[in-house]
Amino acid sequence: MSDPFFQPVSGMTLPRFAGVPTFMRLPEVGPDHPRFSDVQIGIVGLPWDGGTSNRPGARHGPRQLRDASTMIRAQHPVFGIRPFELARVADLGEVGPNPDDRHDTLERTDGDYAKLRTAGGRALTAGGD
């Protein structure tokens with residue numbers, strides 16, 4: 001099951017403070033990428049807080065989670081599980097929200113997720129309300 005392409009970048013290859021941040025230092029694989037159909041779990045950013053009335057800011061969640069997740073390790077320190085050897089996980093980028101139209105944002109989200117489902121993958125959304 002393990003595929004070197006779907007492994008996080010090692011801190012020995014690129015320091016954790018360097019490079020373009022992706023979720024958990026995994027490869028970014030968009031719908032046009034040749035490996036898109038190989039993704040089993042796609043992490044999708046949804047930088048949107050159009051449904052929030054009192055506490056805006058959730059739109060910054062995906063970027064902050066990408067930055068925070070650079071500290072992820074390939075193996076859980078207690079249980080010894082190596083999750084990226086169990087599934088092909090990738091950062092699928094972000095849904096392009098429409099800050100003025102929540103219905104359009106939801107349609108865009110549905111469309112992006114439909115592409116992943118058609119390819120046989122599942123999505124995990126980060127950020128947004």
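These numbers were taken from a predicted model, which means no experiment stands behind them.
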Could you go through the salt bridge (Lys or Arg N to Asp or Glu O under 4.0 Å) check for Arg63 and Asp67 one step at a time?
CA-CA 6 Å; Arg63 183 172 297 178; Asp67 285 342; over 6 Å; no
Walk me through it: do Glu28 and Arg66 pass the test salt bridge (Lys or Arg N to Asp or Glu O under 4.0 Å)?
CA-CA 12 Å; Glu28 183 172 359; Arg66 282 184 175 98; 6.0 Å; no
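Residues Phe6 and Asp38 are in side-chain contact: their nearest non-hydrogen atoms beyond the backbone lie under 4.5 Å apart. A 4.5 Å side-chain heavy-atom check between Asp112 and Val44 finds every atom pair outside the cut-off. By the 4.5 Å heavy-atom criterion applied to side chains, Phe36 and Leu92 are counted as neighbours. Counting only heavy atoms from C-beta outward, the side chains of Phe23 and Leu124 never approach each other to under 4.5 Å. Looking only at side-chain heavy atoms (C-beta outward), Val39 and Arg88 stay at 4.5 Å or farther from each other. In this structure, Ile81 and Leu86 have side chains that are in contact, with non-hydrogen atoms separated by less than 4.5 Å. Residues Glu85 and Gln7 meet the side-chain proximity criterion, which asks for heavy atoms closer than 4.5 Å. Using a 4.5 Å cut-off on side-chain heavy atoms (C-beta onward), Phe84 and Met24 make contact.
Panel note: side chain Arg25, backbone Leu14; a donor-acceptor pair is recorded below 3.5 Å. Side chain of Thr105 to backbone of Asn98: a donor-acceptor contact under 3.5 angstrom is found. A donor-acceptor pair under 3.5 Å links the side-chain atoms of Arg73 to the main chain of Met71, judged by distance alone.
Taking all atoms of both residues into account, the shortest heavy-atom contact from Val95 to Pro47 is O-CD, 3.6 Å. Pro62 approaches Ala58 most closely through the heavy-atom pair CD-O, 3.9 Å. Nearest heavy atoms, Asp101 versus Asp104: OD1-N, 3.0 Å.
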